[in-house]
There are 2 protein chains.
Amino acid sequence: MTIGLAHAELIAVLSAVTREEPRVMTIRSGDALPSGPFELGHRSLQAGLREWVRDQTGHPVGYLEQLYTFADRDRTRENAGSRTISISYLGLVREQAAPGAGRPEWHGWYEYFPWEDHRKGRPDILSGITGRLQDWADAAPAHREHRRRRIDFTFGLHDATWNEDLALQRYELMYEAGLVTEAGCSREQSLGRQMFADHRRILATAIARLRAKIKYRPVVFELMPEKFTLLQLQRTVEALAGLTLHKPNFRRLIDQQELIEETGEVTTETGGRPAKLFRYRHAVLEERALSGSKLPLSRN
Amino acid sequence: MTIGLAHAELIAVLSAVTREEPRVMTIRSGDALPSGPFELGHRSLQAGLREWVRDQTGHPVGYLEQLYTFADRDRTRENAGSRTISISYLGLVREQAAPGAGRPEWHGWYEYFPWEDHRKGRPDILSGITGRLQDWADAAPAHREHRRRRIDFTFGLHDATWNEDLALQRYELMYEAGLVTEAGCSREQSLGRQMFADHRRILATAIARLRAKIKYRPVVFELMPEKFTLLQLQRTVEALAGLTLHKPNFRRLIDQQELIEETGEVTTETGGRPAKLFRYRHAVLEERALSGSKLPLSRN
DNA sequence: TCCTTTATACTCGTGTTGAGTATATCTGGC
DNA sequence: GCCAGATATACTCAACACGAGTATAAAGGA
């Protein structure tokens with residue numbers, strides 16, 4: 001029985017939204033996510049990542065959340081018997097944060113996942129994807145029905161509707177079906193920009209997690225400047241979700257949650273009628289907004 | 001710069017519900033969670049844990065989900081410079097599974113967290129807890145208001161209502177306030193049964209995660225026998241949530257989700273009028289039940 | 001037979017949510 | 001200066017989900 005000695009590596013998905021586009025910090029011209037070894041000096045995993053990101057990029061990280069941990073047999077290292085344990089994190093960064101010395105490269109989420117952006121309608125690329133997925137399903141008669149149901153559900157076909165939270169499931173399905181380069185598909189046939197190793201999969205995990213989270217925790221504000229208009233807030237949520245929202249209802253939702261307050265100022269930079277500026281109510285609301293339970297409670 | 005070499009350890013929170021009581025598998029007579037090193041032979045973390053649990057306990061694990069990864073300076077090992085990375089998992093086990101060779105010891109959740117079970121009303125222990133938390137808040141004038149808001153929210157005091165999902169936050173708050181032995185509190189003053197190292201904290205994480213999850217994913221069925229009555233299902237959910245539910249509304253919720261179907265049989269073992277037996281609709285519903293988004297969508 | 005116990009079915013009021021419409025206030029062109 | 005276009009903000013209405021309570025059905029046991 002071999003004791004588990006392994007290399008520990010931290011991988012960060014740092015995201016920001018600038019000019020209505022969600023972006024991720026990358027290295028190697030967009031080919032990989034920033035990562036580094038977990039060092040002995042670090043107090044904890046979280047602290048280690050924080051330090052390391054600040055040193056490398058000059059960006060202070062606001063919100064930071066662990067995503068997933070996985071292990072792989074070492075690919076690149078000399079000692080092939082060893083293993084690497086990768087711990088991935090999702091971090092949110094303010095739009096206005098000064099760019100650091102390392103001159104980080106930001107790339108739009110949807111370069112890597114063009115089928116995930118539905119703000120301008122259902123992307124054309126999707127019909128090609130679902131077509132090829134259907135072929136993949138038909139190629140295995142034994143699993144055909146099951147695969148079809150999975151495809152329909154995951155991509156919102158037939159009676160199902162598109163669910164933006166399923167970004168990871170969609171990527172995994174495409175991976176299984178061999179539609180992405182990481183799965184050994186040819187470069188011409190591959191869909192979306194690829195990344196080193198499983199980094200694109202980690203990015204998909206981060207996108208899915210964040211899209212789910214904005215619905216029940218007020219994390220969007222970690223991405224907003226201090227003062228913002230309601231439309232700016234809506235556009236940021238839309239960028240993350242890859243969807244367009246219903247303006248009146250979005251506003252109603254926001255102000256019934258009482259998460260923000262007027263600053264008293266207005267801005268005319270938006271084109272038409274001047275828009276009120278709002279700010280997030282930090283102090284009062286550190287807790288809460290965990291919304292209500294969907295269980296039918298009984299009182300006694 | 002030291003490269004991160006570390007020990008990798010897997011920790012499992014295996015849960016079941018028997019006789020309307022949620023239980024967790026333990027070792028050392030309930031003092032610790034089962035854990036073991038991640039070995040080289042394992043294909044992946046998840047597979048490693050599955051194998052290892054089956055060998056040790058004879059229980060097949062149904063649902064398995066990663067909880068959290070954390071790092072600590074080694075406590076027990078000889079090489080003090082090294083570190084241990086602990087990866088914790090939540091696993092769900094069927095009630096009827098045969099007990100294995102290892103004769104696992106199951107202990108009720110609420111031995112460790114007596115304040116979390118509200119099925120018979122608000123536990124008496126809670127008044128003591130919140131009283132001591134108030135003292136802790138008052139002891140630090142600078143943070144008093146903030147701490148009070150945290151206590152009120154987390155324990156459902158004043159205008160707030162009890163939120164069963166906050167099990168982890170409650171434990172963390174009590175830890176900060178020094179109310180549990182793990183934080184250096186005396187044995188007499190400690191609340192709830194303690195565990196080795198941070199295992200009780202991991203259990204709290206698992207409880208919180210599971211309580212949140214049953215609301216939007218049909219994971220309860222991983223804990224049910226093949227055939228069950230609606231009341232059995234309700235009692236299982238109640239056991240996990242630590243709450244009593246409104247019977248008519250629970251039934252309505254269940255059948256509008258179309259997650260189960262009648263077997264055609266009935267059982268008279270429940271006392272009064274015979275109850276219909278139901279089964280979970282595996283096949284059709286592997287996906288879905290991710291419920292709806294809370295975002296105000298617009299169609300175009 | 002009646003009483004207790006559990007199962008199952010129905011009602012009703014309220015609040016949230018999807019969808020659409022109306023009014024206010026700016027800029028820029030004529 | 002006035003109108004068109006653009007954006008901001010406010011209001012309405014129907015459908016549905018949800019909390020809460022009530023009524024009926026079918027067993028076992030005194």
Side-chain angles (χ1 to χ4, degrees), chain A residues 20 161-164 214-216 227-238 241 243-279 289-300, chain B residues 20 161-164 214-216 227-238 241 243-279 289-300:
Chain A
E20 303 192 356
T161 59
W162 175 265
N163 183 341
E164 75 281 3
I214 49 174
K215 283 166 204 145
Y216 61 98
K227 298 171 185 175
F228 49 85
T229 69
L230 287 176
L231 190 59
Q232 279 166 10
L233 183 63
Q234 182 180 342
R235 294 284 180 243
T236 304
V237 174
E238 287 176 338
L243 291 171
T244 54
L245 304 181
H246 188 274
K247 187 144 92 171
N249 291 349
F250 179 79
R251 299 166 70 91
R252 178 175 63 187
L253 188 79
I254 294 297
D255 73 35
Q256 84 189 10
Q257 307 224 61
E258 299 186 308
L259 295 170
I260 61 177
E261 61 191 3
E262 301 184 10
T263 66
E265 303 159 84
V266 292
T267 178
T268 58
E269 290 166 19
T270 50
R273 170 176 168 178
K276 292 181 189 166
L277 285 171
F278 292 83
R279 86 167 68 83
L290 278 168
S291 77
S293 60
K294 279 204 174 182
L295 292 177
L297 302 181
S298 79
R299 319 257 166 232
N300 38 349
Chain B
E20 304 192 355
T161 60
W162 176 264
N163 183 342
E164 73 280 2
I214 50 175
K215 281 165 207 149
Y216 61 98
K227 299 170 186 174
F228 50 85
T229 69
L230 287 175
L231 190 58
Q232 280 166 10
L233 183 64
Q234 183 181 340
R235 294 284 180 243
T236 304
V237 174
E238 288 176 338
L243 291 171
T244 54
L245 305 182
H246 188 275
K247 188 143 93 170
N249 291 349
F250 179 79
R251 300 165 68 91
R252 179 176 60 186
L253 189 78
I254 294 297
D255 73 36
Q256 83 190 11
Q257 306 224 59
E258 299 186 309
L259 294 171
I260 61 176
E261 61 192 1
E262 300 184 11
T263 66
E265 302 159 84
V266 293
T267 178
T268 59
E269 290 165 20
T270 49
R273 170 175 169 179
K276 291 182 189 166
L277 285 171
F278 292 83
R279 88 166 68 82
L290 279 167
S291 77
S293 60
K294 279 203 174 181
L295 293 178
L297 301 181
S298 78
R299 320 256 168 232
N300 38 351

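Protein chains get the first letters and strands the later ones, always in sequence-line order, with residue 1 at the start of each.
Among the heavy atoms of the strands lying under 4.0 Å from B:K276 are primed sugar atoms or P, OP1, OP2 only; no base atom is included. Among the atoms of the strands shown, only primed sugar atoms or phosphate atoms (P, OP1, OP2) are found under 4.0 Å from some heavy atom of A:P296.
The CD-P distance, from A:E265 to D:dA8, rounds to 17 Å in whole Å. The nearest whole Å value for the distance from the CZ atom in B:F250 to the P atom in C:dT6 is 17 Å. Note: CG (B:L253) to P (C:dT8) measures 16 Å, nearest angstrom. Distance, A:L243 CG to C:dG18 C1': 15 Å, rounded to whole Å. Protein atom CG of B:N249 is 16 Å distant from nucleotide atom P of C:dT14, rounded to whole Å. Atom CG of A:D255 is separated from atom P of D:dA10 by 8 Å (rounded to the nearest Å). Put simply, CZ on B:R252 is 18 Å from P on D:dA23, counting in whole angstrom units. If you take OH of B:Y216 and P of D:dA17, they are 21 Å apart, rounded to a whole angstrom.
Distance check, rounded to the nearest 0.5 Å: CG of A:N249 to CG of B:L295 gives 11.5 Å. Rounding to the nearest 0.5 Å places CZ of A:F278 at 12.0 Å from CG of A:L259. To the nearest 0.5 Å, atoms CD (A:E238) and NZ (A:K247) are separated by 9.5 Å.
With a 4.5 Å cut-off on side-chain heavy atoms, A:F228 and A:T236 do not count as touching.
Phosphate proximity of D:dC16 to B:Q256: absent, as no side-chain N or O sits under 4.0 Å from OP1 or OP2. For B:K247 and C:dA7, the shortest distance from a side-chain N or O to OP1 or OP2 is below 4.0 Å. Of the side-chain N and O atoms in A:R251, none sit less than 4.0 angstrom from OP1 or OP2 of D:dA8.
Set against D:dA26, D:dA8, C:dT17, the side chain of B:P274 has D:dA26 as its closest nucleotide.
Between B:R273 and A:P248, the residue anchored closer to the 5' end of DNA chain C is B:R273, taking for each the nucleotide with the nearest heavy atom.
Partners of A:K227 according to the salt bridge (charged side-chain N to carboxylate O under 4.0 Å, His left out) rule, which considers only residues two or more places apart in sequence or in another chain, are A:E265.
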